[in-house]
Amino acid sequence: MADLWQVTLVSPPYAAWTYERPSHFPDLAPGQRVIIPLGNSHRAGVVIGPADEAPEGVEIKPMIWPLERTPLMSAEYVDMVVNLAARQMVSVGRILEIALPRGLRTAAVTFKVDNHMAARRLPATVRPSDIVRFGDKDRQALMELWEAGRMRVRVSARKEAEERFVSLVSDPPWAVRPNAKRQLSLLEHLLENGPRSLYALKYGLGDWVDGVAAKLETAGIVHMGELTADAMEEVDGGGHIEGVLDDITLTDEQVAAVAEMTATMESGGGAHLVHGVTGSGKTVLYLEMARKSLNAGRSAMLLAPEVALASQLYRTVARRFPEVRTIFYHGYQSPKKRELAFRELARADTPVLVVGTRSSLFLPVPDLGLVVLDEEHDESYKQEERLAYHAKEVAWFRTDRSGGLLLLGSATPDVKTFHAASAGRIATSELKERVGDAILPEVELVDIAAMKDPDKPLAPRAVEAVKAAIKAGEQVIVMLNRRGYAPVMYCLDCTETVRCPECEVGMTYHKGRERVVCHYCGLSYAYPLRCRKCGGSNFIPMGQGTERLAESLQEQLPEGTKVLRLDRDAVRRQERLEEILGAFRRKEAQVLVGTQMISKGHHFPDVTLVVVADGDLGLNLPDYRSSERTFQLLVQVAGRAGRGQVPGRVLIQTRNPDHPLWREVLGGDYAGFYQREISRRTMFKYPPFSRMALVRISFPAQFENGPAVLSLLGDALREQGRKEGVDVLGPAPAPLSMLRGRKRFNCLIKSDDWSKVRAVFACMAAVNPDPRQVRTSLDLDPLSTL
DNA sequence: AGCACGCCGACT
DNA sequence: GTCGGCGTGCTC
C-alpha cells in the first residue's frame with residue numbers, strides 16, 4: 001500500500017497534488033518541504049497532510065528528496081496558511097509563495113555530502129537529478145548520511161545570482177547614449193519602481209536585462225548586490241524614537257492603559273485598541289506589553305506600516321531589550337537575509353522579538369504572545385498587488401490561535417476598528433494627553449477660494465506664518481499630497497492636455513526628471529515633447545505638485561532658507577529617505593515639503609508649523625472611505641507640529657471652508673468625526689454595516705474572446721448574486737484599465753456576509769471557460785471601490 | 001516556473 | 001536544407 005501525501009507547489013501551477021512517500025524516506029509531517037518531480041522538471045513543494053486516496057487517471061510519482069531534516073513550518077503554521085487561502089479563495093500554494101523567502105521555494109539546490117566515513121562511495125556533491133538516477137542501494141546509503149546530518153542543502157549559484165538587487169546609483173539624467181533604448185527603459189523602470197531583484201526585472205522586462213544591467217553596473221550607473229535598505233539599519237540620523245528611553249516614568253493615563261491591556265492579555269488574549277492622540281507615547285506601551293509577553297515566556301511581534309518606521313522602532317526595541325534576540329524583517333530585504341530570519345525563527349526555542357512590516361506576519365515565530373500593529377488605520381497594512389490580504393486579518397488569526405494579545409494602536413483608528421470597539425467587541429484604552437510638556441497644536445483654516453497665481457500656491461497669511469517660524473529658528477512642514485511639478489500639461493496651440501494613451505488619465509510633468517509621467521501605470525515620455533493632436537510644443541503646466549511647491553517656496557522665502565522635498569520621487573534611491581529625514585532632523589533645512597509620506601510617525605521636536613497646501617484633495621473622491629482617509633491624513637500631519645517645548649500651529653488651506661469635516665479636524669475631534677461618519681455609513685449600508693469585495697477580471701488585450709467571456713462572467717455574477725441576495729455592480733473597466741498588456745475590469749459586490757461573497761465568486765469562477773486567459777481574483781474589503 | 005512541442009525566419 | 005526564435009500547453 002503506497003504512502004500518499006498532499007503536496008502543494010509553491011510556484012505555478014500552485015496545485016495541491018498527490019505524491020508518494022518512497023520507502024527510503026523519513027517520516028513526513030505537515031510543513032515539510034520536499035523536492036518533487038513535475039513533468040520533466042523538479043520543483044519544491046510543501047507537504048500539507050496525508051492523502052486519503054489516489055486521484056483517478058493520473059500516475060502518482062514518488063517524492064525525490066526532503067529539503068530539510070526537521071520541517072521549518074509547524075502543523076499550526078500550515079493550518080494558518082490553509083485557512084487564509086480558504087478566506088481569500090486562492091490556492092494554498094499562492095499564500096506559501098508570499099510567505100516563503102525565495103531560497104525556500106526553489107528545488108534548484110545542490111547537496112554537499114560529507115562522505116569520507118561512508119561505507120559506500122558517493123559523490124561529494126549531489127543534485128536532485130542525480131538522486132533520480134541513483135540505484136536503490138546508493139539512495140539508501142545517501143539517506144543514511146542525510147539522517148545523520150552529513151548532507152547540507154545549498155541553493156544553486158544561478159538562483160542566488162538572480163536574487164541580487166539592482167538599484168540606481170545616481171539620479172537622472174544618466175550618462176548613457178540617448179538611443180540606448182534598453183538601458184534607458186531599465187533605468188526608468190528602476191526610477192519608477194525602486195530597486196528590484198534581477199529576477200523580478202527579467203520577469204517584468206525580458207531576458208535582455210542580464211546583459212544591460214551588467215553593462216550599467218560596469219558604467220557605475222547601477223549597483224548590483226545587497227539592497228542598500230539593509231545598510232539603512234546601521235545609518236545614524238534616523239535614531240531611535242526619542243523620549244521612549246529617556247522618559248521611563250509612565251503618566252497616569254499610560255499606567256491605566258497598561259493595566260487594561262494586561263487584563264486583556266491575561267484573560268486569554270484578543271484584540272485591544274489603544275486610541276491615543278499623536279504624541280501620547282503609544283510606543284512606550286508597546287514596549288511595556290512586549291516586556292510582559294517576554295516575561296511570560298512568549299514571543300512578541302511589533303509591526304509598523306512602512307520600512308522607515310519599522311526601522312526606527314527596531315532601533316528603539318534593540319536598545320530597550322539588549323538581552324533578547326530581536327529580528328528586523330521587511331519585504332525589501334535581500335532574499336538571503338529573509339531566509340536566514342525564517343530559518344532562525346523556525347529553530348528558536350526561546351521567546352524572540354520581531355520588528356518589521358506586514359510580511360513579518362508570515363514568519364514562523366514560536367508561541368506568539370503579542371502582536372502590535374502601530375498606526376493600525378494605515379492602508380499600507382493591506383497588500384493590494386499579487387494577492388490581496390490585510391495584515392490585521394492575519395494578525396487577528398494568529399493571536400486568536402495562540403491566545404495572544406493583538407494590540408491596535410492609532411490616533412485615528414479605522415472606522416471599522418472603532419465600531420467594533422464601541423460595540424464592546426474590542427477592549428479599548430484611551431490616551432488623551434501628549435507626554436511631557438507638549439500640547440496638541442492649534443488648527444486654523446485658510447480660505448484660498450479666491451487664489452489664482454500658480455507661482456504663489458500659499459496664501460499670504462500662510463507665507464507670513466512660515467517666515468515667522470523660520471525667523472524664530474523653528475522648522476516647518478508643508479504637505480501637498482500630489483507629487484511631480486504639475487498634474488496637468490496644457491497645449492497652448494490646441495487646448496489639448498497630455499494624456500496617457502493606456503490609462504486615459506492626465507500625465508504629470510516632472511521637471512527634474514524632464515519627463516511627463518502617468519501616475520497610474522508609470523508610462524513616461526521625455527519632455528519637451530510634441531502635442532499628439534497638433535504637433536506643437538507650447539505646453540504650460542497647470543496646478544500644483546510638490547516639486548513646483550518646493551520651487552515657489554524657495555523663491556518666496558528669505559535668502560538662505562533651505563527647502564527639502566520628501567516624496568516618492570525624491571526617495572527613489574533607497575538611502576535618500578534616511579538622508580532627507582536625517583538632514584531635516586539635524587536642522588540642515590528649515591522647510592520640508594512633501595506628500596503624505598511626511599505625515600507618518602516622524603518625530604521632529606522643532607517643527608512648530610504645519611501647512612496643508614490643499615486640504616480639499618481627496619475629499620470628494622467617489623469612494624466611501626474618502627472622508628475617513630482625509631480626516632486621518634490631516635490629523636496625522638497636524639500631529640507633526642509642536643511635539644517639543646514650543647506649542648504647534650497648523651494651517652489648512654481650503655476652497656471649501658464650510659465643509660463639516662473641518663470642524664472635526666480643527667478640534668482633533670475623532671469622536672465627532674466618527675459619529676457623523678458612522679451615521680452616514682448606516683444610511684448607505686457601507687462597511688461596517690455591509691461587506692464589500694471587488695472581483696477583478698483580466699485578459700490579454702489581443703485575446704479576441706475576452707469581451708465575450710467577460711460578459712459571461714458578469715452575467716454569472718449577477719445571476720448568482722440574485723440567488724444569494726447580494727448586490728453586484730459592473731463589470732466596469734478598472735482604474736488601470738490596461739496593465740502589462742492585459743485589459744482589466746472590476747465588479748463590486750456588496751453583501752451582508754463574507755460567505756455569500758465567496759459563494760458568488762466561486763460560482764463565477766466555475767463557469768470560466770478559459771481560466772488561463774481570463775484570470776479572476778477576489779479582493780475582500782478593497783482599499784478603493786472604484 | 002520550467003520544459004517540450006511546434007511552426008516560421010536567417011544562416012553554416 | 002538546419003538552427004533557433006518564442007507562442008502554447010501541461011504538469012500528481
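Below, chain A is the first sequence line, B the second, and so on; all start at residue 1.
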Q: Tell me what A/Glu59 touches on the nucleic acid: a base, only sugar-phosphate, or nothing, going by heavy atoms under 4.0 Å.
A: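 A/Glu59: backbone/sugar contact only, no base atoms under 4.0 Å.
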Rounding to a whole Å, what distance do you find between [X]:[atom1] and [N]:[atom2]?
| X | N | atom1 | atom2 | value |
| --- | --- | --- | --- | --- |
| A/His42 | B/dC3 | NE2 | P | 9 Å |
| A/Ile64 | C/dT11 | CD1 | P | 17 Å |
| A/Arg386 | B/dA1 | CZ | P | 10 Å |
| A/Gln773 | C/dG9 | CD | P | 8 Å |
| A/Arg43 | C/dC10 | CZ | C1' | 11 Å |
| A/Ile36 | B/dG2 | CD1 | P | 13 Å |
| A/Glu56 | C/dC12 | CD | P | 17 Å |
| A/Ile35 | B/dA1 | CD1 | C1' | 15 Å |

Q: Could you tell me whether the side chain of A/Lys382 and the main chain of A/Asp781 form a donor-acceptor pair under 3.5 Å?
A: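 It does hold such a pair.
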Proximity to the side chain of [X] - top-ranked nucleotide from [options]:
| X | options | answer |
| --- | --- | --- |
| A/Ser41 | B/dC3, B/dA1, C/dC12 | B/dC3 |
| A/Arg772 | B/dC3, C/dC12, C/dC10 | C/dC10 |
| A/Asn40 | C/dC10, B/dC3, C/dC12 | B/dC3 |
| A/Pro13 | B/dA1, C/dC12, B/dC3 | B/dA1 |

Q | Test log, rule salt bridge (Lys or Arg N to Asp or Glu O under 4.0 Å), inputs A/Arg401 and A/Glu76 | A | CA-CA 9 Å; A/Arg401 284 294 163 99; A/Glu76 296 83 69; over 6 Å; no
Q | salt bridge (charged side-chain N to carboxylate O under 4.0 Å, His left out) pairs, two or more places apart, involving residues 5-14 of chain A | A |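 Listed once each, the pairs would be none.
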Q: Could you tell me which residues satisfy side chain to side chain donor-acceptor pair (under 3.5 Å) with A/Arg386, sequence neighbours excluded, listed by chain and number?
A: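 Checked A/Arg386 against side chain to side chain donor-acceptor pair (under 3.5 Å); zero matches.
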